[in-house]
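Heavy atoms only: backbone and side chains are in, while hydrogens, waters and symmetry mates are out. Quantities reported herein were computed from a predicted structural model and do not represent experimental measurements. In the text below, chain A, chain B and the rest are named by the order of the sequence lines, each starting its count at 1.
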Amino acid sequence: MVGVVLLVAVIFIAIFAPLIFANTPWQMVQRPFLAPFAMESLPLGTDTLGRDVAAQLAYGARVSLLVGLVSTLVALLIGVPLGALAGFYGGYVDEGAMRFTEFFQTIPNFALAIVLVAIFEPTLASITLAIAIVSWPPVARLVRAEVMSVRKREFVDAATLAGLSKPRILVRQVLPNTVSPIIVMASLMVATAILLESSLSFLGLGDPNAMSWGYMIGAARTVIRSAWWLSFFPGIAIVITVLALNLIGEGLNDALNPHLSRKGKA
Amino acid sequence: MSTTLSIEHLTIGLPEGADRPFAVEDVSMAIEKGEILCVVGESGSGKSMTANALMGLLPPGVNVKAGRAMFEARDVLRLPEGEKQALRGASMAMIFQEPMTALNPLMRIGDQIVEVFAAHDRYTQSERREKALALIREVQLPDPEKIIRAYPFQLSGGQRQRAMIAMALALEPKLLIADEPTTALDVTTQAQILKLILDLREKRGMAVMFITHDFGVVAEIADQVIVMRMGKVVERGSATEVLENPQHDYTKRLLEAIPTGKLPEARQLSETPALEIKGLRKIYRTGGGMFKPVREVRAVDDVSLTVARGEVLGLVGESGSGKSTLGRTAVRLVTPDGGQVMVGGTDLAALSDEELRKQRHKVQMVFQDPYASLNPRQRIMGAITDGPITRGIPRKEAEARARELLEIVGLGADAASRFPHEFSGGQRQRIGIARALAMDPELIIADEAVSALDVSIQAQVLDLLRELREKLELSILFITHDLRVAAQLCDRIAVMQKGKLVEIGTVHDIFLNPQQEYTRKLLAAVPGADWDQQGAA
Amino acid sequence: QEAGGRLDIVVQPEPPSLMLGLVQNGPTQLVAGDIYEGLLRYGTDLQPQPLLAKSWEISDDGLTYTFTLNEGVKWHDGEDFTAEDVVFSADVFLRETHARLRASLAYVESITAPDDTTVVFQLKEPFGPFISVFETGTMPIVPKHIYEGTDFANNEMNATPIGTGPFKFEAWEKGSYIHLVKNEDYYVDGLPYLDEVYYRVIPDAAARAVAFETGEVDVLPGGSVENWDVPRLTEMDNVCSTGSGWEFFAPHAWMWLNNREGPTSDVRFRQAVMYAMDRDFQRDVVWNGFGNVATGPVSSKTNFYSDDVTIYDHNPEKAEELLAEMGYDGEEVRLLPLPYGETWQRWAEAIRQNLSEVGINVSIDSTDVAGWNEKTSQWDYDMAFTYLYQYGDPALGVSRNYTADRIQKGSPWNNVEGYDNPELDEKWFAAATMISPEERQAAYNEIQQEIVDDVPVAWLLELEFPTIYRCDIKDLVTTGIGVNDGPRNAWIEQ
Amino acid sequence: MTILIAILSRLAKAALTLLAIAVLNFCLLHAAPGDPAVVLAGEAGAADEQMIAQLRERFGLDQPLYVQLGKYIAGIVQLDLGYSFRQSAPVIDLIAERLPATLLLTLTAFVISLTCGIALGVAAAARVGKVSDSLLTTLALLFYATPLYWLALMAVLVFSVWLGWLPGFGYETVGSDFSGFARAIDILKHLILPALTLGLFFMAVYMRMTRASMLEVSTADFVKTAKAKGLSGPVIRRRHILRNAILPVVTLAGLQAGQLVGGAVLTETVFAWPGIGRLMFESLAARDYNTILGVFLVSAAMVILFNIVTDIVYRIVDPRIGARA
Ligand SMILES: Nc1ncnc2c1ncn2[C@@H]1O[C@H](COP(=O)(O)OP(=O)(O)OP(=O)(O)O)[C@@H](O)[C@H]1O
Ligand SMILES: Nc1ncnc2c1ncn2[C@@H]1O[C@H](COP(=O)(O)OP(=O)(O)OP(=O)(O)O)[C@@H](O)[C@H]1O
Ligand SMILES: [Mg+2]
Ligand SMILES: [Mg+2]
């Protein structure tokens, strides 16, 4: 519940950032290094170039959430079909798909993301894609495992017996039964993606035209001593969002797991 | 005789949202030294709760509301945790319902037994081992030296159950609580375990509270019987009193519904075969990955049989003898390694995938596990109509037929819009039957189609099947491990052992004049066989 | 002056190699400047001072340079240093390996060693700035006995460099530090004072600042910490800083504007860019007040500078006028920042903001060092940041960026913007070969006046990189190359 | 015996996988814009066509890509990872120089995170529903959600700058001439902050996983059996629940142990730790292909190695695996 409220708040701020703040986050509006709460119109102070930190935070939410959501979506789009086919058809399909997945898993994923972003050059699209590319293998594995176990369940046999075709069984009978763990995983992946984007930004591999939280922290680390608020606020923003997503993930986990919901975690 | 345990006015409260406020209400009972008290009753009547309350192992949210349980002059329900701990395992022990999961899978059997001594600080290290070994011998586990170092997965279900018993008996408790310790076991293993408990009672004079729903078992071992329903004791008395002269309506109904050993009259069978199986073989190979040697199981080994049109062929045999595999091969959910399966004259193996799909409707199956065979995310209507619609029957028509079938199996048409989890086990099994019938099959493989049913509902379903057989000339391969049920419904019976067909013949031949040693053993192992004979007489 | 002690100096990034004859990037010069030596060093006034050469003479026609070398100089491995080493280095080794020097050596007819302590450079034609090419980073003298006849690039001794300098190579713990120790046989009595020097590799700018604060390192050479940290660090007790020590290099920052295509090929657009930028803000905020606004191609610290040119102040209206006049349609202009840290990134953002305020549609391309090199040397950019060293003379460090003969794809250190002005080219060449400084001054004044109106590139700032060090370190920065050869004379007050 | 054969066959398979990875990585990297020769020339501070051509020829970059690939793979088969253009040294030497530091850091972090994570997870599970449980869980969640580099910066600030307790960066005190035990202590001091920051994230992961797994297992039937035997709570938790709950943690730990080798880039950067991750990052900036490829290959090898180790650990913990005869 807390998670949902927090997340909705963040999303709200992200969507309405242009309405709340008249200036773009790049606009230099005041003298640099204005401390937070020193000036009413600039509640969170200004950064090294005199830009409004509050506006940056709001606009940053857009990028961070966008990267998180889209990369998760892309990862699901790669991982779910691959895992589903591998798990359902087994044999060579499985072998091939899993070897392919293994390639991506043997390269440490942060390192791979760095290389990918460097190769494609950091733009919002390439960063999102790189994060998706490093995050899909666990999805594929999870879906595969789930599909494999669901495939062995007897209702699949029953459907076969009813004369349904294989693709139809996969889509209509098997996949719907793998949805809950995927949803739970996805909520955690969004969180991880936001962290990953911020880490890339920190290393200077962010999109220079997109204001994100990671960018803010990366830009602020050199002045962490003299202007604590510049890295503190975006840091807190990331923590809150990731926390919210985690809480939602755990909530879903409990809600979707009949064993746990029955126990009632009062 | 002295009273070992006396329960007085026990009431156990259930948490909010449960189906009733109290799991058990105002229950009293007493067990004398060396006596076996059988607690019977319908599923969910509070038998396990009573047992768990005695052990202090009630699940969270479930609490003792009133009453006391006097054991060794103390009220065990109100002992502090520390004293309860000392009591558990030492003077009061319990055997749980499910032997497959009741042992720690990662610990050697020996260690799990030794642990009991350790928990109560008895004996020295080496003595404990000796004792454990002795116990294993006592419960007649084969090759004790090996068993003591084995892990649970290396043991069969019956062996695990015996290991459990060994643990329960380790400290020679005064009271043994056994909660349906044999439901998961096949008849032969069940018989061994019952004998063991009787022996031990003799030797050690311990009191036993035995929970079961099987009247055969009651007849075999009980001194006293208590019948429970909806959390209340509805009848009590000595075994003979209750079995032969039941007072309460519920008890009477229970006893009436028990399939009798009475054999139906033989019928004239048609000549045209609905199913012909020739030289069928299926070998399962498992493992063979990293670190694992390949393991072969000959699940079905050179089996030939035919089912005629309108015939019900019973397939019996102990657990793991290959019955389900045979059934699945017949509907071609499993591809055989050899042999032929002809359904209504066509060889399913000769068909292409696409043609096979079109022919599927001819043979249908009622699955052994009704819950698993229903998609938890699909409404019942979908589950039943998927097949017919794929066959090309218009949706409207298919749905109308589905409602009709649901009525026929006694569920009511409104069941169609519910999800599987909203039904009880027995209801689900009937949905499975309706689904099979919806395809207008010529042959139904009914795999333990009535095992999950209460005796009374069981009778209802058997009636339905008989009726269909008559009306539609439906052939049925009726797989069961319950010989009594088989006797009631089947025309002929086939007996399987370790993948082989050991005997096949009319019901009368098999029951009255079994040819094979194995068949005789199966028949003899049916619990309460003697009492049953009387009933049949 | 007291002998003894140890200095810990930050080096960033870690040099790829210490063989100064092969690699001449900044970090290598910083470290290897203590190991290798050139013939001369240059004061903060850019006047030559003795180093390996104790005296020198230039003939009146400006064609003959005669150097007399110090006696008793030994290589770190004990071999004697002779004039033959100088001839080998300049004529053989560096001709092959040192691109920047190669351009100057084109003027040289012959290099000879009449005796062990005399070297003579004979030029084909006069070359005004020739006296400035003997600095250690420009012409490091390498040992002939080790390199003659070998494959220079793959010589095993590259890993353990042998020079004549005040410090010897001791150890290199990759990723951590480089350790140099005092050369006991140094040819100047009493020098060096220090016992050892550690060059510390710390990849993160914030960590470098912390390292200085916690006393782990004693010297932060210019550019090691972000500008915002400088005031905080210099306010600490016993901390001194100096902007001096970069005169020889006079780093000059600008944006290449691609003269070949797009809006940037229009001189009005380029002028508009100059007017749109608030370069005082850039200096005051982005560079924290360090540096000067550049007036043109030549740094005010370099010889032959002139301020008699058109001055571009911050004038958005003028910029908008120019844009309207040329009919700029809002076409997107890509801006390639220099991937050297946060300061540069912020700088690009500030300029983007300035430009967008007059209606120029700028998007920042992001890239790493390799990508920057690739894009600029392949001319794949619209506007690109850079800064270059001037090496004390326009003919060495400035004209290379503007003459048409230096339009060479594949290198980011020449006329990358593609500026082609044959008339001006003539003037650059003529100015280089004049002998009299007065004549040259006049020629360069004219050049500066003309080129500033053309705005081939958008000049930004004369950069100033303050060197931060503990005040008890004395005489650290005494020359125009600052810390690069600073440890030679530095000493620590006890 | 069979184990040995299985391991050997698995290693052979791993070698093939590695080779395939090498090819894949090679193609991937060469797709990147940026030419090492240009970078090198650029770094020199001046360059002309001649110099770049020289460099290309020297490194074989003038040859067609497939020839380069062929040579590279041929090298790998002979355990030669090629030559670093930028650092003018064999890649294998560069990696060998850096690997110990990385392993020291990551293994320490790994051990800390695993032991503390499991211990805290067990503690939290034992107090489920109580305040201390919520406290621990929230704390873990916080560690999980806090960006690693932020935490690192803060740690340096607090422990190194303000309190002055621990060195803020580096691998050891430079030029201290410590040896033996003193040196070990010195390295240990430097290790604490980076290992802790790197470990905290994983600790949070392990803790949550252990807790969830413990709770799940504690509802299993055999736990009830254990209670019925009269065992005390702590004994049940230790001997019965934990052992069964640890399996998924082992799986995850195996996956992550391998990843740690290449996943410490951020920590190594912030703490100036001379490890392999930083080597990779710096080489990437210079398009020093062979070095990056080498690092990738080594870390891939680590991942595979740890997978095998995990399998063996799994076998030890769970006798059911592979023991069927
Ligand atoms: N953990 C629980 N929480 C709430 N209600 C429960 C719980 N466990 C059992 N019940 C309810 O308590 C009642 C008695 O259950 P109990 O397990 O004692 O039945 P039983 O007689 O043993 O039945 P069976 O023969 O099926 O084992 C049932 O109504 C059941 O729904
Ligand atoms: N998919 C499978 N893979 C491997 N072995 C199997 C598989 N299915 C069944 N078996 C094995 O084949 C043998 C026969 O199994 P089957 O399910 O046919 O027995 P059954 O007679 O139906 O037993 P039950 O009465 O317990 O249902 C058993 O030993 C079982 O372990
Ligand atoms: Mg029960
Ligand atoms: Mg079966």
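- The shortest side-chain heavy-atom distance between Val134(A) and Leu196(A) falls under the 4.5 Å cut-off.
- Counting heavy atoms from C-beta on, the side chains of Ile169(A) and Phe88(A) come closer than 4.5 Å.
- Pairing each heavy atom of Ile445(B) with each of Ala330(B), the nearest pair is CD1-CB, 3.9 Å.
- Closest approach of Leu7(A) to Ala244(A), counting heavy atoms only: N-CB, 4.0 Å.
- In this structure, Pro376(B) and Phe155(A) approach most closely via the heavy-atom pair CD-CE2, 3.7 Å.
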Check every N and O of chain A against chain B and note each donor-acceptor pair under 3.5 Å, with its distance.
residue, atom, partner, partner atom, Å
Glu154(A), OE2, Arg328(B), NH2, 2.9
Phe155(A), N, Ala372(B), O, 2.9
Asp157(A), OD2, Arg328(B), NH1, 2.9
Asp157(A), OD2, Arg328(B), NH2, 3.0
Thr160(A), O, Arg360(B), NE, 3.3
Leu161(A), O, Gln364(B), NE2, 3.2
Gly163(A), O, Arg357(B), NH1, 2.6
Gln173(A), O, Asn375(B), ND2, 3.3
Gln173(A), OE1, Asn375(B), ND2, 3.0
Gln173(A), NE2, Asp386(B), OD2, 3.0
Pro176(A), O, Arg377(B), NE, 3.2
Asn177(A), ND2, Asn375(B), OD1, 2.7
Ser180(A), OG, Arg377(B), NH2, 3.1

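- The CG atom of Leu465(B) sits 6.5 Å away from the CZ atom of Phe478(B) when rounded to the nearest 0.5 Å.
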Trace of the side-chain contact (heavy atoms from CB on, under 4.5 Å) decision for Leu82(A) with Phe100(A): CA-CA 10 Å; Leu82(A) 200 75; Phe100(A) 183 67; 4.2 Å; yes
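- For the residue pair Ala130(A) and Leu116(A), the shortest heavy atom distance occurs at CB-CB, 3.8 Å.
- Within the 4.5 angstrom heavy-atom criterion, atoms from both the backbone and the side chain of Met365(B) approach chain A.
- Here the shortest heavy-atom pairing between Pro441(B) and Leu474(B) reads O-CD1, 3.5 Å.
- Residue Leu374(B) touches chain A through its backbone alone, counting heavy-atom pairs closer than 4.5 Å.
- Shortest non-hydrogen contact noted between Leu245(A) and Ser187(A) is CB-O, 3.7 Å.
- Contacts between residues 65-77 of chain A and chain B, counted as heavy-atom pairs separated by less than 4.5 Å, involve no residue at all.
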